[in-house]
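Here's the structure, in structure tokens; my notes come after.
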Amino acid sequence: VYAQVLYDFAAEPGNNELSIREGETITITNQNIGGGWIEAKNSRGEVGLVPEDYIEVSNVFDNNASGGFSNNWAAQPEGTETGKTSSNAWPSGGHGHPQAYQGPGNNSNKPMVLITISFLYDVDVYTVYTVFQSGEVGPVWAYPDYQLDCVVADPKKGSKLYGLKSYIEYQVTPTTTNKPVNHRYKHFDWLYERLLEKFGSAIPIPCLPDKQVAGRFEDEFIKMRMERLQGWMTRMCRHPVISSSEVFQLFLSYKDEKDWKMGKRKAEKDETVGVMVFSTIEPEGLPDLDLIEVEQKCDQFNRFTRAMDDGVKDLLTIGNEHWKRCTGPLPKEYQRIGKAFQNLSSVFTSSGYEGEAALTDALTAAGKTYEEIAQMVAEQPKKDLHFLMETNNEYKGLLGCFPDTVGVHKAAIEKVKEADKLVAAGKITPSDKTTMSKRASTMSYSLQAEMNHFHSNRIYDYNRVMQQYLEQQVKFYEMIADKLRHAHSQFTTM
């Protein structure tokens, strides 16, 4: 497969990348490298890697015997709205580059692939996020008037490389556009890495649901992963800084494959990451905070999150044990009671006494009632305990992020504390000290805004999930009571 290069690509030293010049023809030698790369050979005989994501296929020319033009490989790329061939089908070969004919080495009818390699040099000015005072809770993020949300649904199996590699793709529909875009798990993972790199110093970014190799295409696993991806996306949508960020908006509403690739490259070149993100946060003219007071609040929050982490883990442990009892020994106990009633009914029937038919029928019905209750007990955790456990799993991941976020802030405060000594030693100027204090104050504003965001979400989430849990528990015990009342009514009053 030959490719014409339209732009220069300079290799990074020691990275096994291929240097290619504008206008030269390269030979694609291996399209199955993986990790976003293909292997190619330039006109100087050098072999190396070219980034797959930087390649946009413009046209495919087939120098066949008739001299005609062929575009048989122009499948829509994965991850786009237009990538669907129907509501339930996906093209098997679409992966951003053609699945080329692997013919004999000296075939004069080799296809010629025209490739555009795009580069992004300019980075836009980033949004300035604001915090402000609000009542007694202290600094909070500036929340938008409209709460963004999205729906993760409609998982479908797709494939590439002529079916050699399969994947599950999810449809993500934001409330802002109501236009679905399609993403694989690896796209969610890419978003997580970008958010962590950019905002991780200021905002806890919880992990995605774990990767899995075996059983990835089983219905139960797909359903569970989709539900957890939904929970993760909902939490990201709720955060005013993350949800309004350029990279998150790209993920939710890119227009086509070209827009997606360009946006990815821009995000990967973003230099406003780590502690640099604090330069995009503006406390809107508010006075510098008292760092001693902030440190006290920080320590109090640390103690709370550690205690909550212990409480969440304890609830998860007890919940798991209860789930096992509900799906194991507890239903068996009800079944044993039901069988015992039915066995006693059989014994009574064997007496041959004509006046006890009503009693034996009622005993049999009572036994079957307890068998039905056993089935209800086994199924109940999926209806109530499941949502409580999932919420606590989310918070377990979120709480695990706070030590690093708080650690960044505490390190900044320690630097400010050392500022007087540094000034006295002539290592920094008084102006530098003032700048350090202002930067630390900005970090303190953002940390307190994040603490308040966490607490408000915590109160909302646990109110919601406990209401849901107890509502399902009430329904469960009411259904059992109704069954027991019905069984009770079968026995005659003497």
Side-chain angles (χ1 to χ4, degrees), residues 7-12 15 17 35-37 50-56 79-80 96 116-131 141-142 144 148 150 172 174 176 181 183-208 232-233 235-283 401 404-405 407-409 411-412 439 442-443 445-447 449-450 453:
Y7 298 94
D8 289 349
F9 179 73
E12 292 286 338
N15 280 354
E17 296 174 2
W37 298 86
V50 178
E52 180 184 89
D53 280 349
Y54 285 15
I55 294 175
E56 177 184 344
T80 65
T116 304
I117 300 181
S118 303
F119 296 90
L120 188 70
Y121 296 106
D122 298 324
V123 178
D124 291 343
V125 176
Y126 284 90
T127 306
V128 175
Y129 306 106
T130 59
V131 293
W141 295 114
L148 172 67
C150 71
V172 182
T176 47
V181 293
H183 285 295
R184 296 167 55 184
Y185 177 86
K186 75 171 189 176
H187 299 160
F188 286 92
D189 193 42
W190 175 87
L191 176 63
Y192 164 72
E193 293 293 344
R194 297 283 72 73
L195 293 177
L196 183 65
E197 182 182 30
K198 184 170 180 65
F199 296 112
S201 296
I203 299 168
I205 308 294
C207 292
L208 285 171
W232 189 84
M233 286 297 293
R235 197 157 297 282
M236 296 299 101
C237 283
R238 276 195 215 167
H239 201 290
V241 175
I242 292 172
S243 62
S244 61
S245 66
E246 194 171 3
V247 65
F248 195 74
Q249 287 295 320
L250 166 74
F251 187 84
L252 288 180
S253 54
Y254 64 91
K255 299 179 183 66
D256 50 34
E257 184 70 3
K258 182 178 179 181
D259 188 36
W260 170 244
K261 288 184 177 181
M262 291 289 286
K264 281 180 67 179
R265 291 198 289 275
K266 182 175 182 180
E268 288 162 1
K269 289 178 180 290
D270 186 1
E271 295 181 356
T272 314
V273 297
V275 294
M276 289 299 295
V277 78
F278 291 106
S279 66
T280 66
I281 297 172
E282 178 57 55
C401 300
D404 289 341
T405 304
V408 171
H409 178 261
R439 288 176 178 172
T442 297
M443 294 174 74
Y445 269 111
S446 64
L447 178 60
E450 194 55 38
H453 177 78

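Heads up: numbering here begins at 1 and tracks the sequence. Heavy-atom basis, side chains included; hydrogens, waters and symmetry copies ignored.
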Counting only N and O atoms by type, is there a donor-acceptor contact under 3.5 Å from the side chain of H183 to the main-chain atoms of F188?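 Judged by distance alone, no pair lies under 3.5 Å.
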Has E197 got a side-chain atom pairing as donor or acceptor with G274's backbone, closer than 3.5 angstrom? no
Check whether any side-chain heavy atom of L148 lies under 4.5 Å from a side-chain heavy atom of L252, and answer yes or no.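 In short, these two side chains touch, coming nearer than 4.5 Å.
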Would you check if Y445 and I281 make a side-chain contact, meaning some heavy-atom pair closer than 4.5 Å?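 A side-chain contact under 4.5 Å is absent here.
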Measure the [atom1]-[atom2] distance between [X] and [Y] for me, rounded to the nearest 0.5 Å.
{"X": "F251", "Y": "C150", "atom1": "CZ", "atom2": "SG", "value": "8.0 Å"}
{"X": "E193", "Y": "E268", "atom1": "CD", "atom2": "CD", "value": "11.0 Å"}
{"X": "Y192", "Y": "Y185", "atom1": "OH", "atom2": "OH", "value": "9.5 Å"}
{"X": "M233", "Y": "L191", "atom1": "CE", "atom2": "CG", "value": "6.5 Å"}
{"X": "S243", "Y": "W141", "atom1": "OG", "atom2": "CH2", "value": "11.5 Å"}
{"X": "E271", "Y": "K198", "atom1": "CD", "atom2": "NZ", "value": "10.5 Å"}

Shortest non-hydrogen contact from [X] to [Y]?
{"X": "L447", "Y": "T405", "value": "CD1-CG2, 4.4 Å"}
{"X": "A202", "Y": "V277", "value": "CB-CG1, 4.0 Å"}
{"X": "S201", "Y": "F278", "value": "O-CZ, 3.6 Å"}
{"X": "C207", "Y": "W232", "value": "O-CD1, 3.5 Å"}

Taking CZ in R238 as the centre, count heavy atoms belonging to other residues, nucleotides or ligands within less than 6.0 Å. Is the count above 12?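 Yes, the 6.0 Å shell around CZ holds more than 12 heavy atoms from other groups.
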Can you list everything that forms a side chain to side chain contact (heavy atoms under 4.5 Å, CB included) with L250? Sequence neighbours excluded, please.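 Expected list: W190, Y254, W260.
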Stepwise side-chain contact (heavy atoms from CB on, under 4.5 Å) check, I242 with I205: CA-CA 10 Å; I242 292 172; I205 308 294; 3.4 Å; yes
Given M236 and L195, is the side-chain contact (heavy atoms from CB on, under 4.5 Å) satisfied, shown in steps? CA-CA 10 Å; M236 296 299 101; L195 293 177; 4.0 Å; yes
Please list, chain by chain and in numerical order, all residues satisfying ring pair (Phe, Tyr, Trp, His ring centres under 6.0 Å) with H453, sequence neighbours excluded. Y143, H239
